Amino acid sequence: MDTIFAQSSARGKAGVAIFRISGPNSLAAMETLTDIQNITPRMLHLKTLTSSRSNENKVVIDNAMVVYFKAPNSFTGEDVVEIHTHGSIAIAQLLTESLLSAGLLRLAEPGEFAKRAFLNGKLDLTSAEGLADLIEAETIMQHRQAMRQMSGELEKLYGGWRKELLGIISFLEAYIDFPDEDIPDSVLQNAEDKIHNLTLTLQKHLSDNRRGERLRNGLKLTILGAPNVGKSSLLNFLAQREIAIVSDIAGTTRDVIETHLDIGGYPIILTDTAGIRKDTEDLIEKEGIKRALKEASHSDIKLVMFEADSRSPEIEELIDFETILVMNKIDLYPETSNVGVIPISLKLGKGLDALLKAIEQKAESISPPSEAPSITRLRQRTHIEQGLSALQCCNLHEDLVLATEDIRIAVRAFEAITGKLEVDEILGEIFSNFCIGK
Ligand code: GDP
(Lines give C-alpha, C1' and ligand atoms only; values in the text may rest on other atoms or scores of the structure.)
Protein backbone atom coordinates (compact mmCIF):
# COMPACT_ATOMS: atom_id res chain seq x y z
CA MET A 1 0.00 0.00 0.00
CA ASP A 2 1.32 3.46 -0.91
CA THR A 3 1.95 6.03 1.74
CA ILE A 4 -0.21 9.10 1.21
CA PHE A 5 0.02 12.70 2.31
CA ALA A 6 -2.34 15.69 2.33
CA GLN A 7 -3.18 18.89 4.12
CA SER A 8 -6.22 17.99 6.20
CA SER A 9 -7.12 21.47 7.38
CA ALA A 10 -8.48 24.05 4.94
CA ARG A 11 -5.89 25.72 2.70
CA GLY A 12 -5.01 29.35 3.25
CA LYS A 13 -3.75 31.46 6.14
CA ALA A 14 -4.65 30.23 9.63
CA GLY A 15 -3.24 29.94 13.13
CA VAL A 16 -2.50 26.27 12.65
CA ALA A 17 -2.48 23.92 9.66
CA ILE A 18 -2.70 20.15 9.97
CA PHE A 19 -1.12 17.66 7.58
CA ARG A 20 -1.61 13.96 7.57
CA ILE A 21 0.53 11.05 6.38
CA SER A 22 -0.82 7.50 6.28
CA GLY A 23 0.85 4.26 5.24
CA PRO A 24 3.88 2.11 5.92
CA ASN A 25 6.42 4.86 5.09
CA SER A 26 4.88 7.44 7.43
CA LEU A 27 7.72 7.41 9.94
CA ALA A 28 10.44 7.07 7.29
CA ALA A 29 9.07 10.11 5.44
CA MET A 30 9.07 12.15 8.66
CA GLU A 31 12.60 11.00 9.40
CA THR A 32 13.76 12.98 6.32
CA LEU A 33 12.55 16.21 8.00
CA THR A 34 13.30 15.71 11.67
CA ASP A 35 14.62 13.30 14.23
CA ILE A 36 11.77 11.07 15.28
CA GLN A 37 13.68 8.18 16.77
CA ASN A 38 11.84 6.85 19.84
CA ILE A 39 8.71 8.92 19.13
CA THR A 40 5.98 7.83 21.55
CA PRO A 41 2.65 7.03 19.84
CA ARG A 42 -0.29 9.29 20.65
CA MET A 43 1.89 11.99 22.21
CA LEU A 44 2.54 15.40 20.78
CA HIS A 45 6.23 16.12 20.18
CA LEU A 46 7.63 19.55 19.43
CA LYS A 47 9.98 19.16 16.45
CA THR A 48 11.96 21.46 14.20
CA LEU A 49 11.24 20.46 10.61
CA THR A 50 13.93 21.12 8.01
CA SER A 51 13.68 20.80 4.25
CA SER A 52 16.44 18.23 4.07
CA ARG A 53 18.30 16.85 7.01
CA SER A 54 21.40 15.90 4.99
CA ASN A 55 21.67 18.95 2.77
CA GLU A 56 24.12 21.73 3.69
CA ASN A 57 21.65 24.41 2.50
CA LYS A 58 18.80 23.09 4.48
CA VAL A 59 15.90 25.39 5.29
CA VAL A 60 14.05 25.33 8.58
CA ILE A 61 10.39 24.89 7.62
CA ASP A 62 8.77 25.40 11.02
CA ASN A 63 8.68 24.34 14.64
CA ALA A 64 5.78 21.94 14.57
CA MET A 65 3.84 19.56 16.76
CA VAL A 66 4.09 16.00 15.50
CA VAL A 67 1.97 13.08 16.63
CA TYR A 68 2.33 9.45 15.60
CA PHE A 69 -0.52 6.92 15.60
CA LYS A 70 0.81 3.39 15.34
CA ALA A 71 -1.16 0.93 13.19
CA PRO A 72 -3.82 -0.29 13.74
CA ASN A 73 -4.75 2.38 16.30
CA SER A 74 -5.28 5.25 13.91
CA PHE A 75 -8.07 6.74 11.81
CA THR A 76 -7.02 4.78 8.72
CA GLY A 77 -5.84 1.71 10.58
CA GLU A 78 -2.35 2.31 9.12
CA ASP A 79 0.71 4.06 10.56
CA VAL A 80 -0.31 7.73 10.62
CA VAL A 81 1.67 10.88 11.36
CA GLU A 82 -0.06 14.21 11.87
CA ILE A 83 1.93 17.42 11.64
CA HIS A 84 0.57 20.63 13.15
CA THR A 85 2.43 23.62 11.72
CA HIS A 86 1.70 27.33 11.69
CA GLY A 87 -0.98 27.95 9.08
CA SER A 88 1.07 29.66 6.41
CA ILE A 89 0.83 29.07 2.67
CA ALA A 90 4.64 29.09 2.38
CA ILE A 91 5.01 26.47 5.14
CA ALA A 92 2.43 24.26 3.41
CA GLN A 93 4.36 24.55 0.15
CA LEU A 94 7.79 23.88 1.69
CA LEU A 95 6.52 20.96 3.74
CA THR A 96 4.76 19.38 0.77
CA GLU A 97 7.78 19.76 -1.52
CA SER A 98 10.18 18.40 1.08
CA LEU A 99 8.05 15.38 1.90
CA LEU A 100 7.43 14.54 -1.76
CA SER A 101 11.10 14.95 -2.72
CA ALA A 102 12.12 11.94 -0.63
CA GLY A 103 9.99 9.71 -2.89
CA LEU A 104 8.48 7.83 0.04
CA LEU A 105 4.93 9.05 -0.37
CA ARG A 106 2.48 10.60 -2.81
CA LEU A 107 -0.33 13.12 -2.56
CA ALA A 108 -3.65 11.61 -1.44
CA GLU A 109 -6.71 11.46 -3.66
CA PRO A 110 -9.94 13.05 -2.35
CA GLY A 111 -11.41 10.89 0.41
CA GLU A 112 -8.50 8.45 0.34
CA PHE A 113 -7.87 8.52 4.11
CA ALA A 114 -11.54 7.69 4.80
CA LYS A 115 -11.48 5.03 2.08
CA ARG A 116 -8.51 3.37 3.77
CA ALA A 117 -10.34 3.56 7.09
CA PHE A 118 -13.21 1.70 5.43
CA LEU A 119 -10.95 -0.87 3.75
CA ASN A 120 -9.22 -1.52 7.08
CA GLY A 121 -12.55 -2.07 8.83
CA LYS A 122 -12.44 1.17 10.85
CA LEU A 123 -15.67 2.54 9.35
CA ASP A 124 -18.61 1.02 7.51
CA LEU A 125 -20.00 2.87 4.48
CA THR A 126 -22.86 4.48 6.37
CA SER A 127 -20.47 5.81 9.03
CA ALA A 128 -18.20 7.13 6.27
CA GLU A 129 -21.21 8.90 4.76
CA GLY A 130 -22.04 10.25 8.22
CA LEU A 131 -18.50 11.58 8.49
CA ALA A 132 -18.81 13.32 5.11
CA ASP A 133 -22.12 14.83 6.24
CA LEU A 134 -20.58 15.97 9.51
CA ILE A 135 -17.93 17.92 7.61
CA GLU A 136 -20.66 19.45 5.42
CA ALA A 137 -23.05 20.15 8.33
CA GLU A 138 -23.98 23.81 8.58
CA THR A 139 -26.76 23.68 11.16
CA ILE A 140 -27.30 22.01 14.52
CA MET A 141 -29.94 19.59 13.17
CA GLN A 142 -27.67 18.50 10.31
CA HIS A 143 -24.86 18.06 12.81
CA ARG A 144 -27.08 15.94 15.06
CA GLN A 145 -28.13 13.67 12.20
CA ALA A 146 -24.56 13.30 10.90
CA MET A 147 -23.20 12.47 14.37
CA ARG A 148 -25.79 9.75 14.82
CA GLN A 149 -24.96 8.23 11.47
CA MET A 150 -21.22 8.52 11.95
CA SER A 151 -21.43 6.70 15.25
CA GLY A 152 -22.84 3.67 13.45
CA GLU A 153 -26.59 3.97 14.00
CA LEU A 154 -27.54 2.93 10.46
CA GLU A 155 -24.89 0.22 10.39
CA LYS A 156 -26.44 -1.28 13.51
CA LEU A 157 -29.93 -1.16 12.05
CA TYR A 158 -29.11 -2.65 8.64
CA GLY A 159 -26.57 -5.05 10.11
CA GLY A 160 -29.30 -6.29 12.47
CA TRP A 161 -31.74 -6.93 9.61
CA ARG A 162 -29.03 -8.72 7.64
CA LYS A 163 -28.24 -10.96 10.59
CA GLU A 164 -31.89 -11.82 11.09
CA LEU A 165 -32.23 -12.84 7.44
CA LEU A 166 -29.02 -14.89 7.56
CA GLY A 167 -30.53 -16.73 10.50
CA ILE A 168 -33.61 -17.62 8.44
CA ILE A 169 -31.46 -18.69 5.48
CA SER A 170 -29.37 -21.01 7.61
CA PHE A 171 -32.55 -22.67 8.90
CA LEU A 172 -34.01 -23.11 5.41
CA GLU A 173 -30.75 -24.37 3.96
CA ALA A 174 -30.73 -27.24 6.38
CA TYR A 175 -33.95 -28.45 4.74
CA ILE A 176 -32.69 -27.75 1.23
CA ASP A 177 -29.65 -29.92 1.96
CA PHE A 178 -31.84 -32.75 3.20
CA PRO A 179 -34.81 -32.76 0.79
CA ASP A 180 -36.16 -36.03 2.19
CA GLU A 181 -36.88 -34.36 5.52
CA ASP A 182 -40.33 -32.79 5.76
CA ILE A 183 -40.21 -29.25 7.03
CA PRO A 184 -42.36 -28.91 10.12
CA ASP A 185 -45.11 -26.34 9.57
CA SER A 186 -43.97 -24.44 12.65
CA VAL A 187 -40.54 -23.81 11.10
CA LEU A 188 -42.03 -22.45 7.88
CA GLN A 189 -44.54 -20.40 9.82
CA ASN A 190 -41.85 -18.94 12.02
CA ALA A 191 -39.70 -17.94 9.03
CA GLU A 192 -42.72 -16.54 7.25
CA ASP A 193 -43.70 -14.43 10.28
CA LYS A 194 -40.21 -13.05 10.60
CA ILE A 195 -40.08 -12.11 6.92
CA HIS A 196 -43.52 -10.56 7.10
CA ASN A 197 -42.57 -8.48 10.15
CA LEU A 198 -39.36 -7.34 8.53
CA THR A 199 -41.31 -6.36 5.42
CA LEU A 200 -43.55 -4.15 7.56
CA THR A 201 -40.52 -2.65 9.31
CA LEU A 202 -38.89 -1.86 5.97
CA GLN A 203 -42.07 -0.25 4.65
CA LYS A 204 -42.27 1.91 7.75
CA HIS A 205 -38.59 2.81 7.49
CA LEU A 206 -39.08 3.84 3.84
CA SER A 207 -42.26 5.85 4.38
CA ASP A 208 -40.41 8.55 6.30
CA ASN A 209 -41.38 11.52 4.15
CA ARG A 210 -37.67 11.60 3.18
CA ARG A 211 -36.98 13.48 6.40
CA GLY A 212 -33.29 12.53 6.61
CA GLU A 213 -32.52 13.31 2.97
CA ARG A 214 -34.38 16.61 3.18
CA LEU A 215 -32.53 17.64 6.32
CA ARG A 216 -29.23 16.70 4.74
CA ASN A 217 -29.93 18.67 1.54
CA GLY A 218 -31.71 21.59 3.20
CA LEU A 219 -35.45 22.34 3.22
CA LYS A 220 -36.64 24.47 0.35
CA LEU A 221 -38.82 27.39 1.35
CA THR A 222 -40.41 29.44 -1.42
CA ILE A 223 -41.90 32.88 -0.84
CA LEU A 224 -44.87 33.42 -3.13
CA GLY A 225 -47.33 36.23 -3.58
CA ALA A 226 -48.54 39.06 -5.76
CA PRO A 227 -46.10 41.81 -6.79
CA ASN A 228 -45.29 44.41 -4.15
CA VAL A 229 -46.62 42.60 -1.10
CA GLY A 230 -43.14 42.61 0.48
CA LYS A 231 -41.61 39.28 -0.60
CA SER A 232 -38.14 40.71 -1.25
CA SER A 233 -38.31 42.71 1.98
CA LEU A 234 -39.02 39.47 3.84
CA LEU A 235 -36.12 37.73 2.14
CA ASN A 236 -33.85 40.60 3.14
CA PHE A 237 -35.09 40.47 6.70
CA LEU A 238 -34.56 36.71 6.90
CA ALA A 239 -31.16 36.82 5.27
CA GLN A 240 -30.18 39.94 7.26
CA ARG A 241 -28.55 41.36 4.19
CA GLU A 242 -29.60 43.07 1.01
CA ILE A 243 -29.66 40.21 -1.46
CA ALA A 244 -32.93 40.96 -3.22
CA ILE A 245 -33.74 44.33 -4.74
CA VAL A 246 -36.59 45.94 -2.82
CA SER A 247 -38.60 48.41 -4.83
CA ASP A 248 -42.21 49.50 -5.20
CA ILE A 249 -42.18 49.04 -8.98
CA ALA A 250 -44.20 45.88 -9.66
CA GLY A 251 -42.17 43.10 -11.29
CA THR A 252 -38.71 44.02 -9.91
CA THR A 253 -37.89 40.45 -8.92
CA ARG A 254 -37.95 38.64 -12.22
CA ASP A 255 -35.93 35.58 -11.49
CA VAL A 256 -35.61 33.21 -8.58
CA ILE A 257 -33.24 34.40 -5.84
CA GLU A 258 -31.89 31.77 -3.46
CA THR A 259 -30.14 31.99 -0.11
CA HIS A 260 -29.20 29.51 2.62
CA LEU A 261 -30.39 30.14 6.17
CA ASP A 262 -30.33 28.47 9.54
CA ILE A 263 -33.72 28.79 11.23
CA GLY A 264 -33.94 27.08 14.61
CA GLY A 265 -31.13 24.70 13.62
CA TYR A 266 -32.82 23.69 10.37
CA PRO A 267 -31.09 24.34 7.04
CA ILE A 268 -33.51 26.41 4.97
CA ILE A 269 -32.90 27.17 1.30
CA LEU A 270 -34.97 30.27 0.79
CA THR A 271 -36.18 31.39 -2.61
CA ASP A 272 -37.80 34.68 -3.46
CA THR A 273 -39.75 34.59 -6.68
CA ALA A 274 -41.34 36.94 -9.15
CA GLY A 275 -44.68 38.38 -8.03
CA ILE A 276 -47.57 36.34 -9.38
CA ARG A 277 -50.19 38.19 -11.40
CA LYS A 278 -52.10 37.27 -14.53
CA ASP A 279 -52.37 40.68 -16.20
CA THR A 280 -48.78 41.11 -17.40
CA GLU A 281 -47.73 41.30 -21.04
CA ASP A 282 -44.02 41.58 -20.19
CA LEU A 283 -42.38 38.40 -21.56
CA ILE A 284 -39.55 38.40 -19.01
CA GLU A 285 -41.99 38.86 -16.15
CA LYS A 286 -44.16 36.06 -17.55
CA GLU A 287 -41.11 33.77 -17.58
CA GLY A 288 -40.38 34.84 -13.97
CA ILE A 289 -43.92 33.87 -12.95
CA LYS A 290 -43.56 30.52 -14.71
CA ARG A 291 -40.38 29.86 -12.75
CA ALA A 292 -42.02 30.96 -9.51
CA LEU A 293 -44.79 28.41 -9.99
CA LYS A 294 -42.25 25.70 -10.81
CA GLU A 295 -40.29 26.55 -7.65
CA ALA A 296 -43.49 26.34 -5.64
CA SER A 297 -44.17 22.83 -6.90
CA HIS A 298 -40.67 21.67 -5.79
CA SER A 299 -40.59 23.37 -2.42
CA ASP A 300 -40.85 21.73 0.99
CA ILE A 301 -42.39 24.81 2.57
CA LYS A 302 -44.55 27.36 0.75
CA LEU A 303 -44.90 30.78 2.29
CA VAL A 304 -47.68 32.74 0.65
CA MET A 305 -47.70 36.43 1.37
CA PHE A 306 -50.42 38.98 0.75
CA GLU A 307 -51.26 42.51 1.71
CA ALA A 308 -54.22 43.00 4.06
CA ASP A 309 -56.94 40.65 2.78
CA SER A 310 -56.17 41.07 -0.90
CA ARG A 311 -55.92 37.41 -1.88
CA SER A 312 -56.33 37.12 -5.63
CA PRO A 313 -57.65 33.90 -7.24
CA GLU A 314 -54.19 33.08 -8.65
CA ILE A 315 -52.69 33.35 -5.13
CA GLU A 316 -55.55 31.32 -3.69
CA GLU A 317 -54.60 28.49 -6.07
CA LEU A 318 -51.15 28.21 -4.47
CA ILE A 319 -52.46 27.65 -0.97
CA ASP A 320 -52.75 24.19 0.47
CA PHE A 321 -53.01 22.70 3.93
CA GLU A 322 -49.26 22.96 4.51
CA THR A 323 -48.80 26.57 3.40
CA ILE A 324 -47.66 29.27 5.81
CA LEU A 325 -49.92 32.28 5.23
CA VAL A 326 -48.48 35.69 5.96
CA MET A 327 -50.27 39.00 5.86
CA ASN A 328 -47.81 41.88 5.51
CA LYS A 329 -48.15 45.66 5.92
CA ILE A 330 -50.40 45.52 8.99
CA ASP A 331 -49.09 49.01 9.75
CA LEU A 332 -51.31 50.20 6.89
CA TYR A 333 -54.31 48.06 7.82
CA PRO A 334 -54.28 47.72 11.61
CA GLU A 335 -57.89 46.55 11.74
CA THR A 336 -57.55 43.52 9.45
CA SER A 337 -57.20 40.10 11.05
CA ASN A 338 -57.51 36.62 9.68
CA VAL A 339 -57.62 33.16 11.25
CA GLY A 340 -54.63 30.95 10.46
CA VAL A 341 -52.68 33.87 9.06
CA ILE A 342 -49.55 35.38 10.59
CA PRO A 343 -49.86 39.18 10.63
CA ILE A 344 -46.58 41.04 10.17
CA SER A 345 -45.20 44.42 9.30
CA LEU A 346 -41.75 44.32 7.78
CA LYS A 347 -41.66 48.08 7.97
CA LEU A 348 -42.22 48.16 11.74
CA GLY A 349 -40.56 44.78 12.43
CA LYS A 350 -43.81 43.43 13.92
CA GLY A 351 -44.87 39.76 14.07
CA LEU A 352 -41.52 38.53 12.77
CA ASP A 353 -40.68 36.31 15.76
CA ALA A 354 -44.01 34.51 15.29
CA LEU A 355 -43.19 34.05 11.61
CA LEU A 356 -39.74 32.60 12.36
CA LYS A 357 -41.33 30.25 14.89
CA ALA A 358 -43.89 29.11 12.30
CA ILE A 359 -41.11 28.34 9.79
CA GLU A 360 -39.18 26.44 12.44
CA GLN A 361 -42.28 24.43 13.41
CA LYS A 362 -42.98 23.60 9.78
CA ALA A 363 -39.37 22.45 9.31
CA GLU A 364 -39.65 20.36 12.44
CA SER A 365 -42.85 18.72 11.21
CA ILE A 366 -41.13 17.79 7.92
CA SER A 367 -37.98 16.50 9.56
CA PRO A 368 -38.85 15.73 13.18
CA PRO A 369 -36.02 14.89 15.55
CA SER A 370 -36.84 11.19 15.74
CA GLU A 371 -35.74 8.27 17.81
CA ALA A 372 -35.50 6.07 14.73
CA PRO A 373 -32.43 6.41 12.50
CA SER A 374 -33.09 8.25 9.23
CA ILE A 375 -32.24 7.32 5.67
CA THR A 376 -30.01 10.15 4.48
CA ARG A 377 -29.17 9.21 0.91
CA LEU A 378 -30.90 7.92 -2.19
CA ARG A 379 -28.23 5.18 -2.34
CA GLN A 380 -29.44 3.76 0.97
CA ARG A 381 -33.09 4.11 -0.01
CA THR A 382 -32.54 2.27 -3.30
CA HIS A 383 -30.92 -0.72 -1.57
CA ILE A 384 -33.64 -0.89 1.07
CA GLU A 385 -36.26 -0.86 -1.70
CA GLN A 386 -34.39 -3.69 -3.43
CA GLY A 387 -34.34 -5.64 -0.16
CA LEU A 388 -38.03 -5.03 0.39
CA SER A 389 -39.09 -6.10 -3.10
CA ALA A 390 -36.99 -9.30 -2.80
CA LEU A 391 -38.70 -10.15 0.49
CA GLN A 392 -42.11 -9.40 -1.01
CA CYS A 393 -41.35 -11.92 -3.81
CA CYS A 394 -40.27 -14.58 -1.35
CA ASN A 395 -42.80 -17.44 -1.12
CA LEU A 396 -41.77 -20.21 1.23
CA HIS A 397 -44.66 -22.43 0.16
CA GLU A 398 -43.42 -22.76 -3.40
CA ASP A 399 -39.83 -23.54 -4.40
CA LEU A 400 -37.74 -23.32 -1.23
CA VAL A 401 -34.49 -22.84 -3.16
CA LEU A 402 -35.93 -19.83 -5.01
CA ALA A 403 -37.42 -18.42 -1.83
CA THR A 404 -34.05 -18.68 -0.09
CA GLU A 405 -32.44 -16.91 -3.03
CA ASP A 406 -34.91 -14.03 -2.60
CA ILE A 407 -33.88 -13.72 1.03
CA ARG A 408 -30.24 -13.79 -0.05
CA ILE A 409 -30.91 -10.88 -2.45
CA ALA A 410 -32.29 -8.91 0.50
CA VAL A 411 -29.20 -9.79 2.56
CA ARG A 412 -26.98 -8.50 -0.26
CA ALA A 413 -28.97 -5.28 -0.43
CA PHE A 414 -28.23 -4.58 3.25
CA GLU A 415 -24.61 -5.59 2.75
CA ALA A 416 -24.35 -3.08 -0.07
CA ILE A 417 -25.54 -0.31 2.26
CA THR A 418 -22.96 -0.98 4.93
CA GLY A 419 -20.27 -2.14 2.48
CA LYS A 420 -19.78 -5.56 3.93
CA LEU A 421 -19.02 -7.01 0.50
CA GLU A 422 -17.13 -6.22 -2.68
CA VAL A 423 -18.53 -2.89 -3.79
CA ASP A 424 -15.84 -1.15 -5.85
CA GLU A 425 -18.31 0.88 -7.88
CA ILE A 426 -20.11 2.13 -4.76
CA LEU A 427 -16.77 2.99 -3.16
CA GLY A 428 -15.77 5.21 -6.05
CA GLU A 429 -19.07 7.05 -5.87
CA ILE A 430 -18.95 7.67 -2.12
CA PHE A 431 -15.31 8.52 -1.51
CA SER A 432 -14.91 10.77 -4.53
CA ASN A 433 -17.24 13.22 -2.75
CA PHE A 434 -14.83 13.71 0.13
CA CYS A 435 -12.37 16.55 0.23
CA ILE A 436 -8.64 15.91 -0.05
CA GLY A 437 -7.03 15.22 3.31
CA LYS A 438 -10.06 13.42 4.73
P1 GDP B 1 -42.21 42.26 -3.56
O2 GDP B 1 -42.53 42.80 -4.92
O3 GDP B 1 -43.32 41.40 -3.06
O4 GDP B 1 -40.88 41.59 -3.47
O5 GDP B 1 -42.22 43.52 -2.56
P6 GDP B 1 -41.00 44.38 -2.00
O7 GDP B 1 -40.33 43.69 -0.88
O8 GDP B 1 -40.18 44.86 -3.14
O9 GDP B 1 -41.82 45.59 -1.35
C10 GDP B 1 -42.69 46.41 -2.10
C11 GDP B 1 -42.89 47.73 -1.36
O12 GDP B 1 -43.59 47.51 -0.13
C13 GDP B 1 -41.57 48.41 -0.98
O14 GDP B 1 -41.73 49.81 -1.19
C15 GDP B 1 -41.42 48.11 0.48
O16 GDP B 1 -40.68 49.11 1.18
C17 GDP B 1 -42.87 48.11 0.93
N18 GDP B 1 -43.11 47.33 2.15
C19 GDP B 1 -42.63 46.12 2.46
N20 GDP B 1 -43.07 45.72 3.66
C21 GDP B 1 -43.87 46.70 4.15
C22 GDP B 1 -44.63 46.88 5.37
O23 GDP B 1 -44.66 46.07 6.29
N24 GDP B 1 -45.36 48.04 5.47
C25 GDP B 1 -45.36 48.98 4.49
N26 GDP B 1 -46.09 50.06 4.70
N27 GDP B 1 -44.64 48.85 3.36
C28 GDP B 1 -43.90 47.74 3.17
Side-chain angles (χ1 to χ4, degrees), residues 218-263 268-320 322-362:
L219 305 175
K220 239 178 139 139
L221 183 148
T222 308
I223 306 174
L224 297 154
N228 259 331
V229 292
K231 299 183 298 302
S232 302
S233 307
L234 175 63
L235 181 80
N236 287 342
F237 159 74
L238 290 173
Q240 304 291 344
R241 60 199 159 101
E242 298 284 314
I243 52 165
I245 312 155
V246 179
S247 97
D248 47 13
I249 307 160
T252 315
T253 306
R254 295 177 162 206
D255 204 345
V256 174
I257 295 181
E258 199 172 84
T259 190
H260 291 237
L261 302 175
D262 175 343
I263 298 183
I268 305 285
I269 304 166
L270 183 71
T271 47
D272 179 24
T273 55
I276 293 168
R277 54 175 180 172
K278 284 240 163 88
D279 58 352
T280 179
E281 287 308 315
D282 182 323
L283 284 180
I284 300 177
E285 196 185 346
K286 270 189 170 170
E287 178 59 26
I289 294 172
K290 204 171 118 195
R291 290 187 191 182
L293 294 173
K294 194 167 156 217
E295 276 304 311
S297 65
H298 292 161
S299 59
D300 296 299
I301 306 171
K302 273 189 289 181
L303 189 154
V304 169
M305 209 177 186
F306 51 91
E307 197 175 320
D309 46 7
S310 61
R311 276 158 61 169
S312 62
E314 46 271 35
I315 296 300
E316 214 61 46
E317 271 173 30
L318 300 171
I319 300 173
D320 60 32
E322 291 290 324
T323 310
I324 299 177
L325 293 173
V326 180
M327 180 173 67
N328 188 27
K329 305 196 187 180
I330 54 164
D331 51 295
L332 298 180
Y333 317 96
E335 302 305 317
T336 326
S337 74
N338 228 322
V339 185
V341 174
I342 301 165
I344 64 165
S345 165
L346 283 159
K347 189 173 179 183
L348 302 183
K350 273 195 170 168
L352 300 175
D353 284 347
L355 175 58
L356 284 175
K357 196 77 213 155
I359 298 175
E360 184 184 330
Q361 280 169 351
K362 193 62 76 183

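Remember, it's 1-based here, ligands and their atoms both numbered in the order they're listed. Note that this is a predicted model, so its numbers are computed, not measured.
- Inclusion of Gly230 in the set of residues having an N or O under 3.5 Å from an N or O of ligand 1 is warranted.
- No more than 12 heavy-atom neighbours from other residues, nucleotides or ligands sit within 6.0 angstrom of CG on Asp353.
- Between Leu348 and ligand 1, no N or O atom pair is found at a separation short of 3.5 Å.
- For ligand 1 and Asp331, the ligand atoms under 4.0 Å from any heavy atom of the residue are 22 (C), 23 (O), 24 (N), 25 (C), 26 (N).
- Asp300 pairs with exactly one of Thr222, Ile269, Leu219 by the side chain to side chain contact (heavy atoms under 4.5 Å, CB included) rule, that one being Leu219.
- For the pair Lys302 and Glu322, the salt-bridge criterion is not met [side-chain N within less than 4.0 Å of a carboxylate O].
- Within ligand 1, the atoms closer than 4.0 Å to a non-hydrogen atom of Ser345 are 23 (O), numbered from 1 in the order shown.
- Under the side chain to side chain contact (heavy atoms under 4.5 Å, CB included) rule, Leu303 has a single partner from Leu224, Leu325, Leu355, Thr323, which is Leu355.
- Here Asn328 has side-chain heavy atoms under 4.0 Å from ligand 1, and that is the only part of it that gets that close.
- Looking at residues two or more places apart in sequence or on another chain, you find a side chain to side chain donor-acceptor pair (under 3.5 Å) between Asp331 and Ser345.
- Annotation for ligand 1: atoms under 4.0 Å from non-hydrogen atoms of Ser232 are 1 (P), 4 (O), 7 (O).
- Of all atoms in ligand 1, numbered sequentially from 1 with element shown, those under 4.0 Å from a heavy atom of Lys231 are 1 (P), 2 (O), 3 (O), 4 (O), 5 (O), 7 (O).
- Ligand 1 places these atoms under 4.0 Å from at least one heavy atom of Leu332: 26 (N).
- Checked by atom type and distance alone, the side chain of Asn328 never pairs as donor or acceptor with a backbone atom of Met305 at under 3.5 Å.
- At a heavy-atom cutoff of 4.0 Å, ligand 1 is contacted by both the backbone and the side chain of Asn228.
- More than 12 non-hydrogen atoms from other residues, nucleotides or ligands lie less than 6.0 angstrom from NZ of Lys220.
- For ligand 1, the polar-atom distance check finds an N/O of Leu346 within less than 3.5 Å of one of the ligand's N/O atoms.
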